[in-house]
Amino acid sequence: MLRGQIADAAKVKTGDIRKAAKMLAASRRALVMTGAGISAESGIPTFRDAQSGLWAKYRPEDLATPEAFQRNPGLVWRWYQQRRRDLRRVQPNAGHKALARLAERIGSYPLVTQNVDDLHERAGSERVIHLHGELFGTHCFECLAPCSEEADTAEEKDRATATGSEAMPPRCVHCGAFIRPSVVWFGEMLPAAAWAEAEAAAQRCDVLLCIGTSSLVYPAAHLPGIVLEAGGQVVQVNPEPTALDTRATINLRGKAGEILPALLDAVNEQNT
Ligand code: BJW
Ligand code: ZN
């Protein structure tokens, strides 16, 4: 099984998978960090992929800012509504599932994700820390009050979008300002508790498995450096070169949905 999967995981050296598996099996405090790449094989485009359809003329970087929301709240809201609809239609992939099963093999570990989707949770991972918020959450742009009634209202707005009429975000019941998605936009602070937990986990971890991120967005991109400076090792999984390549202890070049099941098998072999 392992040999077959490794053969499928093109370009990856069997030795590197075994070495990474040995590190993980021996680790006392592992940490996993994920980016958009892990959800790509579920059909969620990565952040820096070209957008398609209605959104092809916009760059995500130009929609994911407080300024964009203030300038055109309807446009930004509709983009997030579309992404919510897309997320409801997709399923966790082999990469998400392998990470959930890895916890059964090496013991529970924190899983820090930059993703706003819920695919890790749906795959069964338990200690998920969302650095950049969650797509299904909403709160007031002005008074920050959480909005729990968003879902129904949102469905109405979806219908409005489908029929071509202008959909605007719902209004806050407390102050009347627009409701926004509970995600972290450029220039905004990360949720303090999530960042503190991620930073502390990086400082004490002995192996970081870093999957599917371009390592371009800070402060998340600082986490591998924190691990290395504290004496830990970093295993990266990515089909493309990234900003982390030269510092990673091992680079497993390939798709998460292929590499992670092979890595899980190799960890199982270590344990038997
Ligand atoms: C596969 C695969 C497969 C494909 N398997 N892999 C200089 C230093 C430090 C900070 C800054 C700086 N200059 C500017 C900043 C600030 C800024 C920043 O980092 N900018 C950089 C672009 C330079 N950061 C911030 O603003 C952050 N806040 C902050 O710093 O607060 C302090 C502050 C306050 C005020 C002023 C200044 C500072 C907040 C960052 C929030 C990021 N938010 C987003 C949007 C979330 C909501 C939404 O989804 O709409 O988060 S941006 C976007 O990028 C999203 C992602 O979580 C994040 C990271 O992207 P990720 O996951 O790496 O995705 P991609 O697309 O980049 O890469 C995908 C990877 O997958 C690729 O490598 C593929 O090869 C790979 N892949 N298929 C495995 N099958
Ligand atoms: Zn409000």
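Counting starts at 1 for both ligands and their atoms, following the listed order.
- Less than 4.0 angstrom separates some heavy atom of Gly35 from each of these atoms of ligand 1: 62 (O).
- Heavy-atom neighbours of Glu126 CD from other residues, nucleotides or ligands within 6.0 Å: at or below the threshold of 12.
- Each protein N, O or S atom less than 2.8 Å from the Zn ion (ligand 2) was counted, giving 4.
- Of all protein heavy atoms, the one closest to atom 10 (C) of ligand 1 is Tyr218 CB, 3.3 Å.
- A side-chain donor from one of Thr34 and Thr113 sits under 3.5 Å from a side-chain acceptor of the other.
- Using a 4.0 angstrom heavy-atom cutoff, Glu61 does not count as in contact with ligand 1.
- Taking a distance limit of 4.0 Å, we find that atom 12 (C) of ligand 1 is approached by no protein heavy atom.
- The nearest protein heavy atom to atom 48 (C) of ligand 1 is closer than 4.0 Å.
- Per-residue contacts place Val116 under 4.0 angstrom from the following atoms of ligand 1 (heavy atoms of the residue considered): 49 (O).
- Aromatic rings of Trp77 and Phe69 (six-membered ring for Trp) have centroids beyond the 6.0 Å cut-off, not under it.
- In this structure, the side chains of Ile38 and His120 come closer than 4.5 Å at one or more pairs of heavy atoms.
- Note: an N/O pair closer than 3.5 Å links Thr213 and ligand 1 by distance alone.
- Atom 79 (C) of ligand 1 has as its closest protein heavy atom Pro239 CD, 3.5 Å.
- Interface atoms of ligand 1 facing Arg83, defined by a heavy-atom separation under 4.0 Å, are 48 (C), 49 (O), 50 (O).
- Comment: Arg253 does not engage Glu240 in a salt bridge, judged by the lack of any side-chain N to carboxylate O separation of less than 4.0 angstrom.
- Summarising the geometry of Ala36 relative to Thr46, their closest heavy-atom pair is CB-CA, 3.7 Å, with the distance given to 0.1 Å.
- At a 4.0 Å heavy-atom cut-off, ligand 1 touches Thr46 through backbone and side chain alike.
- Between Gly187 and ligand 1 there is a heavy-atom distance shorter than 4.0 Å.
- Smallest separation of non-hydrogen atoms from Glu41 and Gly257: OE2-N, 3.0 Å.
- Residue contacts with ligand 1, taken as heavy atom pairs separated by less than 4.0 Å, involve Leu216 solely via the backbone atoms N, CA, C and O.
- When only interatomic distances are considered, the shortest N/O to N/O separation between Gly254 and ligand 1 does not fall below 3.5 Å.
- Under a 4.0 Å criterion applied to the non-hydrogen atoms of Val183, ligand 1 contributes the atoms 47 (C).
- Considering every non-hydrogen atom in both Ser39 and Leu119, the closest pair reads OG-CD1, 3.7 Å.
- Counted by atom type alone, Arg85 and Gln82 present one or more donor-acceptor pairs between their side chains at under 3.5 Å.
- Residue Trp79 places no N or O, backbone or side chain, under 3.5 Å from any N or O of ligand 1.
- Here the protein heavy atom with the shortest distance to atom 74 (C) of ligand 1 is Asn238 OD1, 3.7 Å.
- Taking a distance limit of 4.0 Å, we find that atom 27 (C) of ligand 1 is approached by some protein heavy atom.
- In terms of protein heavy-atom proximity, atom 55 (C) of ligand 1 is closest to Phe47 CD1, 3.8 Å.
- Between Ala167 and Arg78, the shortest heavy-atom distance links the atoms O-NH1, 2.9 Å.
- Shown here, atom 16 (C) of ligand 1 is out of close reach of the protein: none of its heavy atoms lies under 4.0 Å off.
- For His139 against Pro181, the heavy-atom pair with the smallest separation is CE1-O, 4.0 Å.
- In this structure, Arg171 satisfies the cation-pi test against Phe178, with its NZ or CZ atom closer than 6.0 Å to the six-membered ring centre and inside 45 degrees of the ring normal.
- The protein non-hydrogen atom at the shortest distance from atom 77 (N) of ligand 1 is Gly37 CA, 3.5 Å.
- The shortest N or O to N or O distance between Val237 and ligand 1 is not under 3.5 Å.
- Looking only at heavy atoms of the protein, atom 69 (C) of ligand 1 is closest to Gly212 O, 3.7 Å.
- Taking every non-hydrogen atom of Glu240 and a distance limit under 4.0 Å, the qualifying atoms of ligand 1 come out as 75 (O).
- Those atoms of ligand 1 that come under 4.0 Å of a heavy atom in Glu188, given as number and element, are 27 (C), 28 (N), 29 (C), 31 (O), 39 (C).
- Here's the thing with Asp49: none of its N/O atoms is less than 3.5 angstrom from an N/O atom of ligand 1.
- Taken together through direct or relayed side-chain contacts under 4.5 Å among Ile, Leu, Val, Met, Phe, Trp and Tyr, Ile211 and Val235 form part of one hydrophobic cluster.
- Ligand-side atoms of ligand 1 in range of Glu41: 3 (C), 5 (N), 80 (N), range being under 4.0 angstrom from any heavy atom.
- Within 4.0 Å of atom 7 (C) of ligand 1, not a single protein heavy atom is present.
- Note on Asp86 versus Arg83: no salt bridge recorded, every NZ/NE/NH1/NH2 to OD/OE distance being 4.0 Å or above.
- Considering backbone and side-chain atoms alike, Val184 places an N or O below 3.5 Å from some N or O of ligand 1.
- Annotation: Arg101, atom CZ; neighbour count of heavy atoms from other residues, nucleotides and ligands within 6.0 Å does not exceed 12.
- Between the side chains of His130 and Glu121, a donor-acceptor pair is found at a separation under 3.5 Å.
- Heavy atoms of Trp185 found under 4.0 angstrom from ligand 1 belong exclusively to the backbone.
- Ranking the protein heavy atoms by distance from atom 20 (N) of ligand 1 puts Phe186 CE2, 3.9 Å first.
- Protein heavy atoms are found less than 4.0 angstrom from atom 57 (O) of ligand 1.
- Considering only non-hydrogen protein atoms, atom 78 (N) of ligand 1 sits nearest to Ala40 CB, 3.8 Å.
- Between Arg180 and Thr138, the side chains place no donor N or O within less than 3.5 Å of an acceptor N or O (distance only, hydrogens not considered).
- Side-chain contact of Asp245 with Gln236: a donor-acceptor pair under 3.5 Å is present, judged by distance alone.
- Tested against Ile106 for a side chain to side chain contact (heavy atoms under 4.5 Å, CB included), the candidates Val267, Val207, Leu264 yield a single pass: Val267.
- For Thr213 (side chain) and Ser215 (main-chain N/O), a donor-acceptor pair under 3.5 Å exists by modelled atom type.
- Between Trp185 and Phe141, the ring planes are tilted. Angles from 30° to 60° get that label.
- Inspection of the Arg105 and Asn268 side chains reveals an N or O donor paired with an N or O acceptor under 3.5 Å.
- Checked by distance only, ligand 1 and Ala36 come closer than 3.5 Å through their nitrogen or oxygen atoms.
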